[in-house]
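To find a chain, count down the sequence lines: A is the first, B the second, and so on, and within it residues start at 1. From a predicted model like this one, the values you see are computed outputs, not experimental measurements.
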Number of protein chains: 2
Amino acid sequence: MAAVTETIETVKKIFSAYLEQRSLRKTAERFSILEEIYSRHDQFEAEQLYIDLMKKEVNVSRATVYNTLDLLTTCELVRKHQFGRSQAQYEKSYGYKQHDHVICIECKKVVEFCDPRLQQIQNMAGELLNFEISHHTLQFYGICSTCNAKKKLNN
Amino acid sequence: MAAVTETIETVKKIFSAYLEQRSLRKTAERFSILEEIYSRHDQFEAEQLYIDLMKKEVNVSRATVYNTLDLLTTCELVRKHQFGRSQAQYEKSYGYKQHDHVICIECKKVVEFCDPRLQQIQNMAGELLNFEISHHTLQFYGICSTCNAKKKLNN
DNA sequence: CTAGGTGCAAATGCTTTGCATGCCC
DNA sequence: GGGCATGCAAAGCATTTGCACCTAG
């Protein structure tokens, strides 16, 4: 618990410094949203975040949620993913190691994994193509064991 | 030129077999769309495809374009990418080696590259997490040399 | 013949925007 | 106190859907 509180304090400071540096305002809304995100443990959608803030009687508008998510993405406290066609998925990123996703095309379940070799590929691609690469997203798509078992039953 | 014609004939056969197998109809519209896609050399958006078909006086509706793109994606003659937030990007995939993308976050330019090590990572992730992985998408984001040069000039 | 496909336009749903009000610096 | 931020509702925009008509099998 102490560790979580500590993390929240740290990210608030980071966000605060970022806002200052860009001469943006430190509004209560922005910090409420940041707090809500870092008290979560899952990936989430903008709309769900908005609903949960409403439930907690934190009054912010959808517009502010989207605006703040953008800011947080820019200062790398939040990562944004566009997996399927519909809503974007967000997740906190501070103190959370870089990882990638394996997604089940049947049940849409998302599992995280990590492979250090990707870093090498990233460095090489950057050098080769003369890009200053800052980040990547990698998704593997397939069928999870549960759905695979169900499929075999149906045949 | 002969090679291109040949490719078009081949993919038509593949699509035809796919439709047959799933008891779907072989309509003129579906083949017109397939033909247009394989006569292109670039990545494209659904809307652009629709506009270009209109220009060539191939009368199909947007609905049919989207429907057919879905079919072609399912039978793996087309790959669909969701890079940014907005429109999905499509590209033909037959006879076109698996590759990934490096995207400039400034000018949005997309460059292709390929690294065989990714296949190994894919295999490993699948084994580790008990997924039957069918495909992946990997994007690197960064700043291209052109934009980087511009940036330095402005400072 | 008939179920699936098409075209059209309207609907959907996520996200953004315009504008009046509020409040941080 | 000046201007950026917010809230609200309306607009945008890519994509999907409903429905009447059409056509491949």
Side-chain angles (χ1 to χ4, degrees), chain A residues 12 15-37 43-75 78 80-90 108, chain B residues 12 15-37 43-75 78 80-90 108:
Chain A
K12 276 188 189 169
F15 192 33
S16 184
Y18 173 78
L19 293 174
E20 208 158 303
Q21 178 209 322
R22 302 238 318 210
S23 315
L24 298 171
R25 293 200 185 149
K26 298 172 190 173
T27 64
E29 289 83 355
R30 288 176 175 172
F31 285 94
S32 300
I33 292 170
L34 177 62
E35 202 159 324
E36 172 62 24
I37 292 171
Q43 288 193 34
F44 57 91
E45 288 144 29
E47 183 65 18
Q48 193 56 51
L49 185 64
Y50 172 71
I51 291 170
D52 292 344
L53 284 163
M54 290 293 99
K55 276 190 199 154
K56 296 189 180 172
E57 298 182 28
V58 177
N59 263 62
V60 290
S61 67
R62 250 177 277 261
T64 304
V65 168
Y66 279 104
N67 168 25
T68 306
L69 280 172
D70 262 5
L71 288 173
L72 291 171
T73 304
T74 315
C75 74
V78 161
K80 180 178 180 178
H81 300 286
Q82 202 86 38
F83 291 146
R85 61 208 63 192
S86 53
Q87 288 145 293
Q89 300 271 346
Y90 297 87
K108 312 297 175 196
Chain B
K12 276 188 189 169
F15 192 33
S16 185
Y18 173 79
L19 293 173
E20 207 159 302
Q21 177 210 323
R22 303 237 319 209
S23 315
L24 298 171
R25 291 199 186 148
K26 298 173 192 174
T27 64
E29 288 85 353
R30 288 177 174 171
F31 285 95
S32 300
I33 293 170
L34 177 63
E35 201 159 325
E36 172 61 23
I37 291 170
Q43 288 193 34
F44 57 90
E45 288 144 30
E47 183 64 20
Q48 195 53 52
L49 185 64
Y50 171 71
I51 292 170
D52 292 344
L53 284 162
M54 290 295 97
K55 275 189 200 153
K56 295 188 180 171
E57 297 183 30
V58 176
N59 262 61
V60 290
S61 66
R62 248 178 277 261
T64 303
V65 169
Y66 280 104
N67 168 26
T68 306
L69 280 172
D70 263 4
L71 288 174
L72 290 171
T73 304
T74 315
C75 74
V78 161
K80 179 179 180 177
H81 300 285
Q82 202 85 38
F83 291 147
R85 61 208 61 190
S86 55
Q87 288 144 293
Q89 299 271 347
Y90 298 87
K108 312 296 176 198

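- Using a 4.5 Å cut-off on side-chain heavy atoms (C-beta onward), A/Leu72 and A/Arg30 make no contact.
- Set against C/dT16, D/dC8, C/dG7, the side chain of A/Tyr66 has C/dT16 as its closest nucleotide.
- Looking only at side-chain heavy atoms (C-beta outward), A/Phe44 and A/Glu36 stay at 4.5 Å or farther from each other.
- Residues A/Val65 and A/Ala46 approach most closely at CG1-O, 4.0 Å, considering heavy atoms.
- In this structure, B/Glu57 places its CD atom 17 Å from C1' of C/dG7, rounding to the nearest Å.
- The CZ-P distance, from A/Phe15 to D/dA5, rounds to 10 Å in whole Å.
- The two residues A/Phe31 and A/Lys12 have their closest heavy-atom pair at CE2-O, 3.6 Å.
- As rounded to whole Å, 15 Å separates atom P of C/dT15 from atom CD of B/Gln87.
- By the 4.5 Å heavy-atom criterion applied to side chains, B/Leu49 and B/Leu69 are counted as neighbours.
- Nearest heavy-atom pair across B/Leu53 and B/Ser32 is CD2-O, 4.2 Å.
- A heavy atom closer than 4.0 Å to some atom of DNA chain D occurs in B/Ala46, these being the qualifying members of residues 46-54 of chain B.
- A/Arg62 has its CZ atom 13 Å from the P atom of C/dG13, to the nearest Å.
- Counting heavy atoms from C-beta on, the side chains of A/Gln89 and A/Glu45 come closer than 4.5 Å.
- In this entry the distance linking CG of B/Asn59 with P of D/dT23 reads 13 Å, nearest Å.
- For the helix from C/dC1-D/dG25 to C/dC25-D/dG1, the end axes, each set by the C1' atoms of five terminal pairs, are bent relative to each other by 40° (nearest 10°).
- Distance CG (A/Asp70) to C1' (D/dA5): 14 Å, rounded to an integer number of Å.
- The CG-P distance, from B/Leu69 to D/dT16, rounds to 10 Å in whole Å.
- A pairwise comparison of heavy atoms in B/Thr74 and B/Asp70 identifies OG1-O, 2.7 Å as the closest pair.
- Look at B/Asn67 and you'll find a side-chain N or O under 4.0 angstrom from OP1 or OP2 of C/dT6.
- OP1 and OP2 of C/dC8 both lie 4.0 Å or more from every side-chain N or O belonging to B/Ser61.
- DNA chain D is contacted by B/Arg25, B/Lys26 of residues 17-37 of chain B, taking any non-hydrogen atom closer than 4.0 Å.
- Scanning all heavy atoms of the two residues, the minimum distance from B/Tyr90 to B/Thr73 falls at CE2-OG1, 4.4 Å.
- Whole-Å rounding puts the B/Glu45 CD to D/dC13 C1' distance at 12 Å.
- In this structure, B/Val60 and B/Met54 approach most closely via the heavy-atom pair O-CE, 3.1 Å.
- Between the side chains of B/Tyr66 and B/Arg62, no donor-acceptor pair of N or O atoms lies under 3.5 Å.
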